[in-house]
Amino acid sequence: MTVITRFAPSPTGFLHIGGARTALFNWLYARHHGGQFRLRIEDTDRARSTPEAMEAIVDGMKWLGLDWDGEIVYQSKQAGRHAEVASQLLAEGNAYYCYCTPEELTEMRETAKAEGRSIMYDGRWRDRDASEAPEGIDPVVRLKAPRQGETLIEDQVQGSVKFRNDQLDDMVLLRGDGSPTYMLSVVVDDHDMGITHIMRGDDHLNNAARQIQLYKAMDWDIPVFGHIPLIHGADGAKLSKRHGALGIDAYRDMGYLPEAIRNHLLRLGWSHGDDEFISTEQAIEWFDVDGLGKSPSRFDFKKLDNVNGHYMRQSDDQTLLDLALPGLTTAASRDLEPVDIERLTSAMPALKERAKSIPELIENALFLTDSRPLTMDDKSATAVAGDAPGLLAEISPLLAALEDWTREAVDACVRQFATDRDIKFGVIAQPLRAALTGRAKTPGIFDVLMILGQDESLARIADISNKPA
RNA sequence: GGUCCCAUCGUCUAGUGGCCUAGGACGCUGCCCUUUCACGGCGGAAACACGAGUUCGAACCUCGUUGGGAUCACCA
């Protein structure tokens with residue numbers, strides 16, 4: 001049997017982090033088993049669905065690198081088929097018209113709540129004849145669910161979960177206006193698309209029981225369910241669009257790499273021994289339900305930062321440069337010249353070593369695009385005070401005299417200078433760093449010298465050494 | 001409130017009856033490396049929610065308690 005999974009978001013908002021993880025797990029599961037991964041947009045709520053949200057979801061999936069098989073299925077386009085299934089259920093006596101008014105329903109709920117029962121429909125139209133129907137009510141169609149016995153969910157993650165059927169009421173299949181509800185369409189579409197495995201948040205666990213009743217009423221094969229624990233916010237409550245969840249685009253904008261997000265999401269609720277950094281190829285090879293945990297997890301930005309730093313160091317320079325360029329231009333408040341790009345390129349190996357995100361990398365790269373004379377931060381201002389300008393004035397001609405501006409030559413020159421003056425290396429290195437960058441957080445001093453080049457280096461040194469003490 | 005789910009360091013987790021005086025990672029922290037910042041290396045503090053069973057033996061099995069979460073729409 002070929003495994004077919006799906007991700008079925010409703011386009012009522014952005015693709016949030018929990019949805020992204022659900023998509024990842026389904027994608028991984030399908031890829032691991034050599035099956036298919038489908039994408040279906042659950043837009044049956046036409047009032048709340050927006051094209052912007054659909055676009056955000058598709059963009060988010062693409063950014064995360066989660067490719068789907070076949071065409072995207074739009075649930076709203078299947079409405080005819082959904083109604084058809086409802087008719088069949090009606091004809092076979094497995095569904096019925098219900099003429100309850102909204103007021104009656106509200107009353108039912110209040111009574112149930114007052115009596116401490118589950119809040120549910122009491123089935124009052126189950127066996128009533130249509131001739132008793134009141135005037136002016138568009139009836140809904142409800143499933144005639146079994147009232148005795150229990151419904152068992154054999155869940156890949158949660159194990160066997162049973163619900164007593166008298167706890168499950170007759171759910172609405174078709175609204176008064178004839179449009180299908182989510183409960184009907186999700187089952188019909190999953191069946192029609194041949195979905196074999198349904199992995200979703202465990203907030204759907206209760207729904208699964210009623211959906212199984214519908215599968216049984218239609219005499220369809222029941223797919224394998226796997227209800228994964230939700231991701232909670234820092235306060236331990238469900239992360240939702242209204243509660244702290246950010247769109248996947250927000251993570252992109254914060255400078256996180258898709259591979260880092262993937263890795264971090266993977267480790268939320270799934271593990272493979274003590275492994276932390278797991279490449280996507282490795283994840284596909286390893287991913288299966290036995291690694292899934294049952295308890296909810298919280299999203300930890302600190303750990304994401306660490307993971308992102310790992311992938312930053314792993315990324316190739318050009319990719320990072322492309323990602324940083326827009327922000328760099330903004331931060332520099334001017335157009336970047338070819339010489340800037342050149343410096344940025346040669347600085348990238350040193351820069352990516354000390355940044356956990358793209359914004360941090362940009363911040364650290366700013367010394368390259370700053371215009372002279374440099375503004376000193378506090379530490380640098382201290383470093384160029386006192387004897388520093390004098391020392392810089394002395395080393396400047398030595399550096400200027402170097403014919404080959406190579407790392408070895410520069411290294412030898414500065415070290416020799418320290419030895420000759422009988423000063424510790426740091427005594428000359430610190431003022432140099434300050435003069436060259438104006439900052440405390442920089443690549444190694446020889447890297448800086450090489451990146452800036454001889455002319456720019458000497459000019460920056462001169463800015464400090466020429467200043468009257 | 002009814003129903004359902006969950007419960008190991010602050011966080012993510014390993015652990016499936018003896019290998020556990022509970023391991024790893026993030027974060028925190030001491031030291032080392034070192035021209036700054038990172039990276040890296042070596043240490044440290046830090047957890048089996050509680051109570052009963054079952055068993056020769058329980059983080060692992062059972063029950064209860066407590067705590068947390070989800071869900072109860074003509075939303076998805």
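Proteins get letters first, then strands, A, B, ... in listed order; numbering begins at 1 in each.
When heavy atoms are screened at a 4.0 angstrom cut-off, A:H232 is found touching the sugar-phosphate backbone but no base atom.
Place A:L230 and A:I137 on RNA chain B by their nearest nucleotides, and A:L230 ends up nearer the 5' end. Mapping A:I445 and A:R210 onto RNA chain B via the closest heavy atom, the residue that lands nearer the 5' end is A:I445.
B:G64 and B:A45: their C1' atoms are spaced 35 Å apart (whole Å). A gap of 16 Å separates the C1' atoms of B:U21 and B:A46, to the nearest Å.
For B:G27, there is no paired base (Watson-Crick or G-U wobble, both distances below 3.5 Å). With a cut-off of 3.5 Å on both Watson-Crick or G-U wobble distances, the partner of B:A49 is given as B:U65.
Using a 4.0 Å cut-off, some side-chain N or O of A:R109 falls inside it from OP1 or OP2 of B:A73. A:T442 has no side-chain polar atom (N or O) that falls below the 4.0 Å cut-off from OP1 or OP2 of B:C37. OP1 or OP2 of B:G24 has not a single side-chain nitrogen or oxygen of A:R267 nearer than 4.0 Å.
For A:D170 and A:K144, the salt-bridge test fails: no basic side-chain N is under 4.0 Å from an acidic carboxylate O.
For A:N206, the listed nucleotide lying nearest its side chain is B:C4; candidates were B:U13, B:A76, B:C4.
For B:C39, its base never sits under 3.5 Å from the side chain of A:R354 at any donor and acceptor pair. In the interface, the side chain of A:N207 is paired with the base of B:A76 through a donor and an acceptor atom under 3.5 Å apart. Counting atom types as modelled, A:E276 pairs a side-chain N or O with a base atom of B:G24 as donor and acceptor under 3.5 Å.
No more than 12 heavy-atom neighbours from other residues, nucleotides or ligands sit within 6.0 angstrom of CZ on A:R164.
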Could you run down the sub-3.5 Å N/O contacts of the protein with nucleotides 5-7 of chain B?
residue, atom, partner, partner atom, Å
B:C5, O3', A:Q158, OE1, 3.1
B:C5, O2', A:Q158, OE1, 3.2
B:C6, OP1, A:K294, NZ, 2.5

Can you check nucleotides 27-34 of chain B for protein contacts, nitrogen or oxygen pairs under 3.5 Å, and list what you find?
none

